[in-house]
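Take a look at the structure below.
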Amino acid sequence: MDTRFYITTPIYYVNAEPHIGHAYTTIVADVMNRFHRLMGYETYFLTGTDEHGDKIVQAAEAAGTDPQTYVDRISRMFRHTWPKLNISNDHFIRTTDPAHMKVVQYILQKVYDAGDIYFDTYKGLYCIGCERFYTEKELVDGKCPDHDKPPVEREEANYFFRMSKYQDWLIEHIEKHPDFIRPERYRNEVLAFLREPLEDLCISRPKERLSWGVPLPFDDRYVTYVWFDALINYVSALGYPDGELFSTFWPVAQHVIAKDILKPHGIYWPTMLKAAGIEPYRHLNVHGYWKINEGKMSKSRGTVVRPLDLAPVYGVDAFRYFLMREMVFGLDANFSEEALIQRLNSDLANDLGNLFSRTLAMTAKYFQGTVPPFGNPVLPEDQALERQVQDAVSAYREEIPKWAFHKALMAVWEMINAANKYIDQTGPWELAKDPDKKGRLQRVLRTLLEVNKTTAVLVAPFMPQTAEKMLERLGVPVKALDLRLERDARWGSLVEGERVQKGAALFPRVDIKKWQQEKNAEERKRNVEKSDESQKTSDLITFQEFQRLDLRAGVVLEAERIPKSKKLLKLKVDIGEERQVVAGIAEHYAPEDLVGKQVVVVANLKPAKLMGVESQGMILAAHDGDVLKLVTTDAPVIPGGKVS
RNA sequence: GGCGGUGUAGCUCAGUCGGUUAGAGCAUGCGGCUCAUAUCCGCAGUGUCCGGGGUUCAAGUCCCUGCACCGCCA
């Protein structure tokens, strides 16, 4: 059996701060890394930041600084976030590391020498404002969607990677290795994409357009562009071509990504590896998105919960547990503070925390806080619980390698629940009353202590701090990363006579009723502040300024949905003249309900195109939380009537 | 427009190869216990399995079709 394990997260693009998506990917990788350590594997865990490209240059400019200063700052934010989440990475790579850049150049040269990189000129539609090419389809009405200007035809020469050459090889490889890309839905997506002919990949930018990158070794007028630079980190971090880490860990490489970067990892990267003469990675593991909603209790707007901020509030372990328990790997999941509190209260405080607490309390009370021997007699319920523990351990070992973390955790919790039930069945407080039953009482509490120890070991990859805390109180302190399942989850591995300590609750409960009240109070306060603010002088306008608005009453003549748009409706409105207006109200009004409705229109708004449809004005509406209500007149007025 | 996914209890979701009375957790109600963080244990429900049609002795499951939402591609 191969007992090495190499896991990577994507290197995160430093044009934004770390958010929950980054955190989940990284925590998943961390749990996997810790799990394999627990199983006795030799592991290597890599994360880092992607720091080249024009978006970085733009972001730096926007921040009023130079690219190097900017990427240093953002990269540092990532590097400092991970320890707070107890991430156990062995290395943090940056694409601006000189060593990485050298490997990128080495591989470029190698692929170039092999004839898989060629030079070609092409013509395209180029927007000078954006400094980029557009395809016909990206243009709106023949104009750049950002600058509203027609692009110019421009010829540019660039280097291309002959990706198409490896299409058939890749299809065959994916078909031969069913778990090359998993879960299956993403494998199918890649295969679907590969049914169409693959185009070659443009991998360069002329330096006059982009200087913030790795220069091509065979043409210093160019730098390499995005993916060629970024993906190579997975091998450059291991010291490719001849690093010892590379020969040890690359053969077992696994990547974790979110579904938005499936194509580069599922298609570009394997073909790049093939062209460079490197064997493909073992597995690409793809997860879904966290949909952030604020739960059904609070519909507050403008109070976007930043999930990462909740980690210190509720505890890193609770946060990690929630993410791993709540998401089925591969599928999307919902994130809300309520759901987090719910999990914390019921799974962590009530089930696990309370089991630990009552076990230790009884040990203190009946055995002066020392681990008792396995007394006698042994009854069937003892054996049943022991079996349950074995079942949980097997399920755990089986599910985690399949990335089914929720199932592994469910199995652990079945064991925890069984232990709680066992206490009820055996009633230690009754046994304690009868001195003749001391042996039985010993058996019961020792059994419980052992279950708690196994629990501590099993939750260690998910909640390392909790595991350490539990083990310390059980009198067998071990660092989470030094735990080994075979040794430390072995039944009877506690030390008889060792002192255990009750200590504070592992997971204090959160009073959800109180939390909701506070939340509501906050929200009310914010709303009051908001309306106060808007009445303050800061944004006052003069009457003359108001007069510049040409507001007119009108009546809706026609209304229809704009295809493919969720929000937009196309309206014909009579405001003395007929106007076509696009309004973002489709989520609130059905077209048929609008015809004949009195509305107020801003008539002198500069016309604009929305989804390719011209809008000559704007309909006024009032916001009420998530709800939107049209502004109308008290009674019908003649279309075109001035509103003032 | 093409391809794919999803739709199951109040909420979040499982449901294998078509096979008994459709399940779990949370939330709710009732009962029990007192070691424990007002926790734990037991019991109890509640379903148009998105709609319609078909195949079959038998359909949540397979086929066709419609609707809704989502994703990928164009």
Side-chain angles (χ1 to χ4, degrees), chain A residues 135-138 181 183-199 258-264 266-267 286-291 293 295-297 318 322 325-336 338-367 369 381 385 399 404 406-407 409-414 416-433 441 444-445 448-449 452 502-514 516 563-564 566 587:
Chain A
T135 62
E136 299 266 4
K137 283 173 186 114
E138 286 175 299
I181 297 170
E184 202 183 359
R185 59 196 319 138
Y186 298 109
R187 173 177 184 262
N188 291 340
E189 214 160 89
V190 169
L191 283 172
F193 188 80
L194 287 171
R195 278 200 290 269
E196 304 293 317
L198 216 47
E199 277 179 34
K259 62 186 180 182
D260 57 331
I261 47 174
L262 176 59
K263 202 155 91 171
I267 295 174
V286 188
H287 68 76
Y289 291 148
W290 283 97
K291 287 179 284 187
N293 57 51
K296 50 190 183 301
M297 312 290 183
F322 175 80
R325 175 65 184 79
E326 199 74 4
M327 180 175 267
V328 177
F329 189 85
L331 304 181
D332 292 351
N334 300 310
F335 186 99
S336 74
E338 275 108 320
L340 172 61
I341 295 175
Q342 207 72 257
R343 284 278 175 211
L344 171 60
N345 280 348
S346 57
D347 296 3
L348 298 179
N350 294 353
D351 295 346
L352 191 162
N354 189 47
L355 172 65
F356 191 61
S357 167
R358 62 202 303 213
T359 303
L360 292 186
M362 287 191 284
T363 308
K365 207 178 229 175
Y366 306 137
F367 298 106
E381 50 260 41
L385 182 58
E399 299 296 351
H406 68 300
K407 285 191 187 167
L409 288 170
M410 278 164 71
V412 173
W413 256 257
E414 271 170 33
I416 290 171
N417 294 337
N420 274 320
K421 183 172 176 170
Y422 172 81
I423 296 180
D424 230 56
Q425 283 175 336
T426 54
W429 52 92
E430 289 297 328
L431 298 172
K433 289 176 189 163
L441 182 60
V444 168
L445 273 174
L448 284 168
L449 285 162
N452 274 283
K502 184 167 177 335
L506 286 177
F507 299 99
R509 314 185 85 239
V510 175
D511 187 334
I512 193 147
K513 291 249 160 57
K514 207 168 128 198
Q516 278 160 0
K564 290 195 191 174
K566 264 199 299 201
E587 287 171 321

For a 4.5 angstrom cut-off between non-hydrogen side-chain atoms, does [X] reach [Y]?
X      : Y      : answer
A:K259 : A:D332 : yes
A:L262 : A:I181 : yes
A:N420 : A:R358 : yes
A:L352 : A:W413 : yes
A:I423 : A:M362 : yes
A:W429 : A:K365 : no

Taking the side chain of A:K365 as heavy atoms from C-beta outward, which of B:rC73, B:rC13, B:rA36 is closest to it?
B:rA36
Among B:rC35, B:rU37, B:rG25, the one nearest A:R343 by side-chain distance:
B:rG25
Starting at CG of A:L348, measure out to CD of A:Q342 and round the result to the nearest 0.5 Å.
12.0 Å
If we call it a pair only when both distances are under 3.5 Å in a Watson-Crick or G-U wobble match, what pairs with [N]?
N      : answer
B:rG29 : B:rC43
B:rA36 : none
B:rA68 : B:rU6
B:rU55 : none
B:rG60 : none

Main-chain N/O of A:R509 paired to A:N345 side chain as donor or acceptor, under 3.5 Å:
no
What integer distance in Å separates [X]:[atom1] from [N]:[atom2]?
X      : N      : atom1 : atom2 : result
A:I341 : B:rU12 : CD1   : C1'   : 16 Å
A:K502 : B:rC35 : NZ    : C1'   : 10 Å
A:E196 : B:rG1  : CD    : C1'   : 13 Å
A:L431 : B:rC33 : CG    : C1'   : 14 Å
A:D332 : B:rU6  : CG    : C1'   : 11 Å
A:Q425 : B:rC33 : CD    : P     : 16 Å
A:F193 : B:rC3  : CZ    : C1'   : 13 Å
A:L409 : B:rA24 : CG    : C1'   : 15 Å

Please report the distance separating the [atom1] of [N] from the corresponding atom of [M], rounded so that it comes out in whole Å.
N      : M      : atom1 : answer
B:rC73 : B:rC26 : C1'   : 39 Å
B:rG10 : B:rC67 : P     : 26 Å
B:rA24 : B:rG47 : C1'   : 15 Å
B:rA9  : B:rG23 : C1'   : 10 Å
B:rU61 : B:rU8  : P     : 14 Å
B:rC13 : B:rA22 : C1'   : 14 Å
B:rU12 : B:rA27 : C1'   : 11 Å
B:rC70 : B:rC50 : C1'   : 15 Å

Answer with base, sugar-phosphate or nothing: what part of the nucleic acid does A:F356 contact at a heavy-atom distance below 4.0 Å?
nothing
Between A:Q342 and A:K407, which has a closest nucleotide on RNA chain B that is more 5'?
A:K407
5' priority, RNA chain B, between A:E430 and A:E189 [closest heavy atom]:
A:E430
Below 3.5 Å is the cut-off: list the nitrogen or oxygen pairs between protein and nucleotides 38-40 of chain B, distance only.
| unit_1 | atom_1 | unit_2 | atom_2 | d |
| --- | --- | --- | --- | --- |
| B:rU39 | OP1 | A:R509 | NH1 | 2.3 |
| B:rU39 | OP1 | A:R509 | NH2 | 3.3 |
| B:rU39 | O2' | A:N354 | OD1 | 3.3 |
| B:rU39 | O2' | A:N354 | ND2 | 2.3 |
| B:rC40 | OP1 | A:D351 | OD1 | 3.3 |
| B:rC40 | O2' | A:R358 | NH1 | 3.1 |

Test side-chain contact (heavy atoms from CB on, under 4.5 Å), reference A:V328, set A:H287, A:H406, A:K407, output is A:H406
